[in-house]
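Side chains included, hydrogens not; waters and symmetry mates left out as well; all remaining heavy atoms used.
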Amino acid sequence: MDFYKRAMELNEETIAHRRYLHEHAEVGLDLPMAREYIINKLTEYGLEPKRCGYGVTATLGKGEKTLLLRADMDALPMPEESGEPFACPTKEQAHACGHDFHAAMLLTAAKMLKENEDMLRGRVKFMFQPAEETFEGSINMIENGILDGVDAALAFHVAPGKLSIGMFMYNCGGVMMNSVDGFRITIQGKGGHGAYPNLSVDPIHTAVQIYGALEGLIAREADPEKTCVLTVGKFQAGNAANIIPDTAELEGTLRTNDKAARELLIRRITEVAEGIASLNGAKATVTRLSAVPPLVCDAALTEKMAGFMKEAGIPNTIGYPGMQANASEDFANVAERVPSTLMYISAGFPDERGAYSAHNPKVRFNEEVCPVGAAAYVHCAVRWTEDNA
């Protein structure tokens with residue numbers, strides 16, 4: 001069956017899903033508007049959705065083997081400057097990573113798979129996941145049983161930029177995306193008058209030294225043959241120019257593609273923060289905010305899925321193996337437990353609309369990707385159940 005043709009017939013519906021989710025962007029674990037919308041649409045399509053932790057799931061088909069199709073649906077806590085008429089009006093949330101596309105395409109795929117349920121030689125389970133950006137969503141759904149009975153998993157992620165529609169990028173067995181360990185360092189000092197720093201313990205002074213030492217960990221302790229990226233994206237302290245505050249706070253992420261480097265640097269972040277704080281008469285507390293392993297896709301499954309993509313009849317399909325990225329994906333928690341594949345599919349523009357990358361407030365995504373993703377989900381699911389009947 002030509003699933004791309006059917007996806008094109010449903011394209012306006014898929015775009016409507018995407019624009020609703022985009023305009024009603026939500027962040028974190030609890031996404032009540034997105035969750036209700038997805039439950040209502042799945043019910044309308046004849047499925048029986050249910051809550052799974054903070055996410056949504058549904059299952060169709062029959063047989064012994066089950067393929068999981070996953071889409072995240074959370075946005076980022078940032079303003080939107082895309083200029084789209086359906087931009088999120090809050091100025092505080094933005095779908096600047098394309099998760100609105102993922103959920104919209106999987107909704108249409110669910111409708112198409114329900115229409116063709118008799119073609120399935122196995123079971124397909126849907127995973128609509130919150131909190132990918134905070135690396136909490138997949139673990140929340142795993143703890144609530146999303147992987148029960150699952151034999152393999154597939155996910156797509158749209159890619160903006162100056163990329164032509166039809167490209168798909170994957171990695172057969174190597175580290176595709178880095179681990180991510182989020183951390184918060186809270187420095188407790190002793191506040192006081194800015195004119196008498198000798199009577200205080202300045203947590204800002206301590207925090208600046210810790211920041212510099214964290215940079216030194218990458219420069220002097222990380223193996224230069226491995227990918228190790230440490231970023232402090234949040235530094236907060238004080239609220240007046242003439243007051244030394246009691247506390248300062250740093251938040252950041254460590255990303256690496258190597259287990260040994262990850263273990264070393266996680267330990268050293270704590271040792272460095274606590275040691276420098278002690279030397280300054282302050283106290284540092286390190287809190288781990290996230291712990292996601294590197295994303296390693298199953299080689300055999302990925303080869304199969306790449307083959308299915310090439311035979312799906314999607315126009316201008318071009319596969320690019322060997323993709324690697326410094327960014328992280330909490331789909332890695334799924335891939336660590338069951339054979340899994342994640343593919344990036346191009347959703348860019350060849351002109352100035354493709355000038356911005358994901359997580360930029362001006363980023364724009366090409367809606368021509370909608371039937372590509374929906375058809376690919378369906379074709380890969382049908383073919384996987386045929387091969388695993």
Side-chain angles (χ1 to χ4, degrees), residues 3-4 7 52 55-61 63 65-73 98-99 101-113 116 119-129 132 137-138 141-142 146-159 167-173 176-177 295-312 314 317 319-321 323 329-347 369-389:
F3 294 117
Y4 181 75
C52 178
V56 178
T57 189
T59 304
L60 49 73
K65 298 292 185 178
T66 301
L67 175 68
L68 180 77
L69 301 180
R70 175 268 201 172
D72 42 14
M73 54 187 185
H99 298 186
F101 279 92
H102 305 164
M105 294 185 303
L106 190 56
L107 272 176
T108 296
K111 180 173 184 173
M112 293 167 63
L113 283 166
N116 297 279
M119 295 182 66
L120 294 173
R121 298 295 177 263
R123 293 158 60 85
V124 176
K125 191 173 188 178
F126 301 96
M127 177 182 182
F128 290 91
Q129 178 206 309
E132 191 283 323
S138 63
M141 295 188 73
I142 289 167
I146 191 65
L147 296 183
D148 292 353
V150 169
D151 298 286
L154 171 67
F156 292 124
H157 198 302
V158 293
M167 292 170 52
F168 67 97
M169 296 146 275
Y170 57 97
N171 186 302
C172 292
M176 182 175 178
M177 301 181 74
L295 173 62
V296 179
C297 296
D298 183 83
L301 178 67
T302 302
E303 288 281 8
K304 281 281 188 183
M305 291 296 183
F308 297 157
M309 291 286 288
K310 293 170 184 176
E311 69 182 29
I314 297 169
T317 299
Y320 286 85
M323 179 188 172
E329 238 292 349
D330 86 343
F331 186 67
N333 289 315
V334 174
E336 193 176 47
R337 292 162 173 82
V338 300
S340 300
T341 295
L342 182 139
M343 294 186 183
Y344 272 78
I345 53 177
S346 54
V369 76
C370 288
V372 174
Y377 268 130
V378 176
H379 182 82
C380 289
V382 171
R383 290 289 286 112
W384 183 90
T385 63
E386 288 175 353
D387 275 11
N388 291 273

How many angstroms lie between atom CZ of F3 and atom CG of N116, to the nearest 0.5 angstrom?
-> 5.0 Å
So among Y344, F101, Y170, which one has a ring-ring contact (aromatic ring centres under 6.0 Å, His included) with H157?
-> Y344
Side chain to side chain, E311 and R383, heavy atoms closer than 4.5 Å = yes
Looking only at heavy atoms, which two atoms of A306 and F168 are closest? And how far apart?
-> O-CZ, 3.9 Å
Is there a donor-acceptor contact under 3.5 Å from the side chain of K125 to the main chain of I146?
-> yes
Between T66 and V124, is a side-chain contact (heavy atoms from CB on, under 4.5 Å) present by the stated rule, with each step listed?
-> CA-CA 6 Å; T66 301; V124 176; over 6 Å; no
C297 and N171: side-chain contact (heavy atoms from CB on, under 4.5 Å), yes or no, with the steps?
-> CA-CA 7 Å; C297 296; N171 186 302; 5.5 Å; no
Side-chain contact, heavy-atom cut-off 4.5 Å: Y4 with P371?
-> yes
When rounded to the nearest 0.5 angstrom, what is the spacing between CG in D298 and CG in L342?
-> 13.5 Å
Approximate separation, where rounding is to 0.5 Å, of M323 CE and L295 CG | 9.5 Å
Taking all atoms of both residues into account, what is the closest heavy-atom pair of L69 and A381, and its distance?
-> CD1-CB, 4.2 Å
Worked verdict on W384 versus K304 for side-chain contact (heavy atoms from CB on, under 4.5 Å) = CA-CA 8 Å; W384 183 90; K304 281 281 188 183; over 6 Å; no
Of the non-hydrogen atoms in R121 and M119, which two are nearest, and what is the gap between them?
-> NH1-O, 3.2 Å
Pairwise distance CG(D72) to NE2(H99) - rounded to 0.5 angstrom | 4.0 Å
For M73 against G55, the heavy-atom pair lying closest together | CE-CA, 4.5 Å
Answer whether the closest heavy-atom distance between the side chains of H379 and I314 falls below 4.5 Å.
-> no
Would you indicate whether the side-chain heavy atoms of N388 and D151 approach each other to under 4.5 Å?
-> no
Would you call V378 and T108 a side-chain contact if the rule is heavy atoms closer than 4.5 Å?
-> no
T302 and M343: which non-hydrogen atoms are nearest, and at how many Å?
-> O-CE, 4.1 Å
Hey, is D330 close enough to R70 for a salt bridge, meaning N to O under 4.0 Å?
-> yes
Once you round to the nearest 0.5 Å, how far does CG of L107 lie from SG of C370?
-> 11.5 Å
Considering all heavy atoms of both residues, which atom of M127 and which atom of V334 are nearest to each other, and what is their separation?
-> CE-CG2, 4.2 Å
Pair F126-V56, side-chain contact (heavy atoms from CB on, under 4.5 Å): steps then yes or no = CA-CA 8 Å; F126 301 96; V56 178; over 6 Å; no
How far does SG of C380 sit from CZ of F156, to the nearest 0.5 angstrom?
-> 4.5 Å
